S.K.: 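Take this structure, written in structure tokens, and hold onto it; I'll ask about it next.
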Amino acid sequence: MKPFSPWSSGAITIALLLSLPLLTIVGFLFSPSGGVWSHLVDTVLEEYVVNSLWLMLGVGTGAAVLGISGAWLTTMCQFPGRRVFEWALLLPLALPGYIIAYTYTGLLDVAGPVQSGLRELFGWGFADYWFPNIRSLGGAMTMLALVLYPYVYLLTRAAFLEQSMCVLEVSRSLGRGPWNTFFRVALPLARPAAAAGLALVLMETLADFGTVQYFGVQTFTTGIFRTWFGLGEVAAAAQLSALLLGAVFLLLALERWSRRKARYHQSGNRHGALARYPLRGWKAVGAFAACLTPLLFGFLIPAAQLGVWSWERLDTLVDDAFLRLLGHSIGLALAAALLAVAIALFMAYAKRLRPTPGARAAVRTASMGYAIPGAVIAVGVMIPLAWLDNAVDGWFRQYFGISTGLLLSGTLFALLFGYLVRFLAVAINGIEAGLLKIRPSQEQAARSLGLGPGEVLRRIHLPLLRGSLFTALLLVFVDVLKELPATLILRPFNFNTLAVRAYELASDERLADAAPPALAIVVAGLIPILILSLSISRSRESQNVAT
Amino acid sequence: MSQLEVQQVSVAYAENIVIQYLDMDLEAGKLGCLIGPSGCGKSTLLRAIAGFEPVREGSIRLGGREISRPGKTLPPERRRIGMVFQDFALFPHLSIEDNVAFGLRGWSSGKRRTRVEELLRLVGLADRANAHPHQLSGGQQQRIALARALAPKPEILLLDEPFSSLDAELREQLALDVRGWLQKEEMTGLMVTHDQGEALGIADHVGLLHQGRLLQWDTPYRIYHAPSHRFVAEFIGHSRFLPGELLEGQQVRTPFGCFARKVDGIHPESASGITCPVDQCGQMGRRVEVLLRPDDFLPSEEGTLRGKVVERRFRGAEYLYNVELADGNRIQCLAPSHFAYQPGEEIALLSTLQEVVVFDGERAVLE
């Protein structure tokens with residue numbers, strides 16, 4: 001073995017750079033922050049903790065019920081519309097929390113169509129009736145549960161498909177009815193998968209900034225913003241971030257552990273012919289309604305409302321400001337996606353060529369950012385870059401008498417760096433999965449036919465990886481397009497993207513004006529859903545072939 | 001002349017020694033087969049010859065050129081080898097034609113086309129040149145993988161369990177085809193397989209590996225009839241061992257008579273099987289074990305050996321019987337399946353033994 005390899009040492013260097021924000025945040029745990037921290041503990045910290053916990057409980061329960069019931073009905077039962085629901089239940093994933101939140105606000109507030117309709121119908125006055133306030137903790141729970149349940153749905157569905165053949169038929173042959181089989185066999189077996197999905201939901205809940213901020217619910221992420229911008233307390237913001245990070249890592253550990261367990265719970269690898277329970281009459285109607293509800297409220301209604309608003313603002317759709325916004329967003333997302341794919345390819349290769357402990361650790365470290373809330377990453381990026389800027393500025397002023405100002409922080413560089421930290425994992429996962437599909441024997445065949453390692457890469461790997469590279473590019477592109485908190489903190493002054501603009505307009509109560517950028521984000525968000533649905537229908541085809 | 005020379009080769013992964021001091025020669029134009037239980041090191045040996053594993057000791061020479069020694073491993077792409085894998089490893093993004101032409105670099109396009117056509121005709125798939133791998137059946141894919149490996153006229157063709165992912169019928173036909181193609185191309189081949197029938201059926205030389213050692217490297221006939229180790233005798237075909245004694249004059253006493261001993265494959269002059277009845281055999285000698293194969297006995301009215309059928313296995317053309325002799329020893333015998341004896345039935349057996357192989361411990365007695 002050669003002691004030095006440019007591949008692994010390159011991968012390790014990149015991983016170290018990308019873990020800089022994380023190290024910064026963790027480092028602040030050990031630095032004193034004076035009175036602000038104790039002030040926070042005395043006043044708002046309890047509220048942050050309590051609200052975050054309630055939010056997790058509410059969103060978790062909602063997502064579990066919606067996700068597991070949807071997965072069970074679409075995999076195990078036969079009723080009209082099942083095949084459509086199978087992929088359509090993923091659609092709510094296209095809506096970022098902050099967009100569905102402001103859409104429902106527009107729909108449900110006093111002047112909105114729902115309350116106006118009720119007043120007209122019953123002849124009520126403005127103060128005559130009680131109507132739930134959507135801008136509340138309960139509202140935030142509902143919104144997030146509606147758009148996050150697909151994580152539970154996806155993983156649980158996969159688990160149900162795995163177990164389908166063997167165990168469930170045994171249970172049925174032993175005389176257990178459908179409900180009994182569900183609660184005594186299927187659900188316990190799918191529990192690790194459901195728990196992994198739930199852990200993802202809770203991580204996203206903790207990372208959410210737009211929804212809770214818009215609804216005025218104080219949680220960790222809004223607290224970080226307030227401490228940073230409102231109080232100007234960097235250290236305290238970093239320490240709040242560290243606390244949030246601790247919670248996220250607990251969830252991450254839970255997710256990893258569940259996935260490992262899920263492997264042991266797989267009872268067989270044959271999907272085989274699955275005899276679904278045929279549902280008739282009111283049972284079929286019930287199943288249909290149970291699947292339609294999350295789809296209707298999580299996607300169809302808000303998407304329709306956004307469409308209506310955009311139609312009303314058709315003139316702004318083509319104006320220069322909107323096009324500039326679109327250009328910014330697409331350019332930024334494309335740049336981040338290309339960078340992420342190039343770096344991910346490099347790192348995944350380094351690991352494949354020489355799976356040394358160093359290379360493995362590098363890939364794992366670089367993939368960690370996906371779990372970290374955008375707000376935390378933003379704080380972690382800002383602090384070291386600002387420090388570097390100040391150091392450079394001071395040095396130049398001392399020796400040359402000129403001020404260099406802000407070179408890195410508050411520039412597109414900082415923004416791109418933040419995106420890389422957060423979304424590199426998406427690209428790495430996709431490319432590693434693609435590489436796994438290329439069997440070592442194919443490389444060896446090419447080597448035995450006279451090709452060197454470099455040529456193997458060019459003539460075998462790249463052509464075979466094209467699909468994975470493109471998918472990774474798309475996924476990162478869409479994620480960047482949707483990302484709100486990191487963009488909000490790291491963007492250069494007056495540099496706007498679709499997400500930021502939609503959020504700002506909605507915050508100013510210009511709900512209809514916010515619709516065109518929001519709709520653009522939702523449309524882009526549909527791309528990954530489409531890819532997922534395709535892979536689902538492909539798995540269904542292979543299921544049919546097996547029968 | 002030896003095309004492949006493996007001398008005192010050891011291969012190890014970290015502390016785990018997989019192959020120990022292995023010697024092997026393969027003549028040009030011959031087909032060798034390596035067999036052995038899983039984990040015996042046969043695939044590792046093949047990968048060392050291909051250049052995917054470095055050797056820790058010894059050397060490997062191919063066509064007179066040294067390709068591996070400790071600290072120096074010629075990379076696979078410069079060894080002029082052809083390799084065929086269990087999973088075919090065709091390139092899914094290239095057409096059949098391009099797959100076969102893949103190794104023909106530096107050939108003029110005219111010569112390349114001729115060579116590709118020649119090989120596609122050889123493997124009987126000339127009409128599928130423009131297809132893609134996924135459009136072919138498993139057997140067809142393996143034919144293309146063979147054509148691709150043969151195309152650049154390598155010094156040796158290495159085959160790593162090439163037929164094990166195909167079904168039995170296809171496997172047999174393809175194995176015979178491969179033998180023919182190799183002869184036609186005058187190609188030296190070395191194949192790893194776990195199917196001993198395949199190895200014995202098509203190879204010129206068979207090597208049996210066990211725990212990283214090459215126990216015997218010999219013709220198929222001698223691997224079966226003159227095994228050098230007890231393990232070889234047990235691994236190849238069915239075998240039973242009965243106690244015996246080594247007597248003077250190349251005689252072996254068994255519970256049912258004396259036999260001439262097979263001395264390293266030289267057939268003794270006596271061809272009459274039993275040389276004398278057991279009670280007339282000479283004095284006591286060295287204790288050994290005698291190898292008996294099921295084809296050494298036939299159920300027959302004329303048989304002198306009596307036993308009871310304890311178990312039988314139907315094998316299509318014949319039954320394999322397990323017969324318990326009067327002294328409690330058990331032997332196996334084969335009989336055409338037209339006559340079926342029932343378990344529990346008393347039968348008479350005729351020995352067709354000519355000479356016997358005897359073992360003292362693990363090794364065959366040769367001197």
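Bear in mind the structure is a predicted one, so any value in this text is a computation, not a measurement.
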S.K.: Would you please test Phe102(B) and Arg459(A) for side-chain contact (heavy atoms from CB on, under 4.5 Å) and show each step?
M.R.: CA-CA 10 Å; Phe102(B) 195 88; Arg459(A) 288 189 54 191; 3.3 Å; yes
S.K.: May I ask you to check whether over 12 heavy atoms, not counting those of Glu172(B), lie within 6.0 Å of atom CD?
M.R.: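 Atom CD in Glu172(B) is not crowded, with 12 or fewer foreign heavy atoms closer than 6.0 Å.
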S.K.: Using a cut-off of under 4.5 Å on heavy-atom pairs, state which of Pro75(B), Pro92(B), Pro54(B), Ala50(B) scores highest against chain A.
M.R.: Pro92(B)
S.K.: Quick check on Lys437(A): does its NZ atom have over 12 non-hydrogen neighbours (other residues, nucleotides or ligands) under 6.0 Å away?
M.R.: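 Open: at most 12 neighbouring heavy atoms sit under 6.0 Å from NZ of Lys437(A).
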S.K.: Output, in order, the C-alpha distance, side-chain angles, deciding distance and verdict of side-chain contact (heavy atoms from CB on, under 4.5 Å) for Ile460(A) and His93(B).
M.R.: CA-CA 8 Å; Ile460(A) 306 296; His93(B) 59 303; 4.2 Å; yes
S.K.: What part of Glu455(A) gets within 4.5 angstrom of chain B, counting heavy atoms only: side chain, backbone, both, or neither?
M.R.: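 The answer is the side chain of Glu455(A).
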S.K.: Could you look at Arg47(B) and say if it's the side chain, the backbone, both or neither that has a heavy atom under 4.5 Å from chain A?
M.R.: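 When you check distances to chain A, only side chain atoms of Arg47(B) fall under 4.5 Å.
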S.K.: Under a 4.5 Å heavy-atom cut-off, does chain A meet the side chain of Arg105(B), its backbone, both or neither?
M.R.: side chain
S.K.: What pair of heavy atoms forms the shortest contact from Arg148(B) to Ala445(A), and how long is it?
M.R.: NH2-CB, 3.3 Å
S.K.: Are there more than 12 heavy atoms of other residues, nucleotides or ligands under 6.0 Å from atom CZ of Arg113(B)?
M.R.: no
S.K.: Return the option, out of Ser441(A), Ser448(A), Pro440(A), with the maximum number of heavy-atom pairs under 4.5 Å with chain B.
M.R.: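 When all of Ser441(A), Ser448(A), Pro440(A) are compared, Ser441(A) has the most.
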S.K.: Where on Leu158(B) is there a heavy atom nearer than 4.5 Å to chain A: the side chain, the backbone, both, or neither?
M.R.: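 It is neither, since no heavy atom gets under 4.5 Å.
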S.K.: Is it true that a side-chain atom of Arg439(A) and a backbone atom of Asp87(B) form a donor plus acceptor pair closer than 3.5 Å?
M.R.: yes
S.K.: Going by salt bridge (Lys or Arg N to Asp or Glu O under 4.0 Å), name the residues that satisfy it together with Glu97(B), two or more places apart in sequence or in a different chain.
M.R.: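 Not a single residue meets the salt bridge (Lys or Arg N to Asp or Glu O under 4.0 Å) criterion with Glu97(B).
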S.K.: Going through the distances and angles, do Gln442(A) and Phe85(B) end up as a side-chain contact (heavy atoms from CB on, under 4.5 Å)?
M.R.: CA-CA 9 Å; Gln442(A) 289 174 327; Phe85(B) 297 86; over 6 Å; no
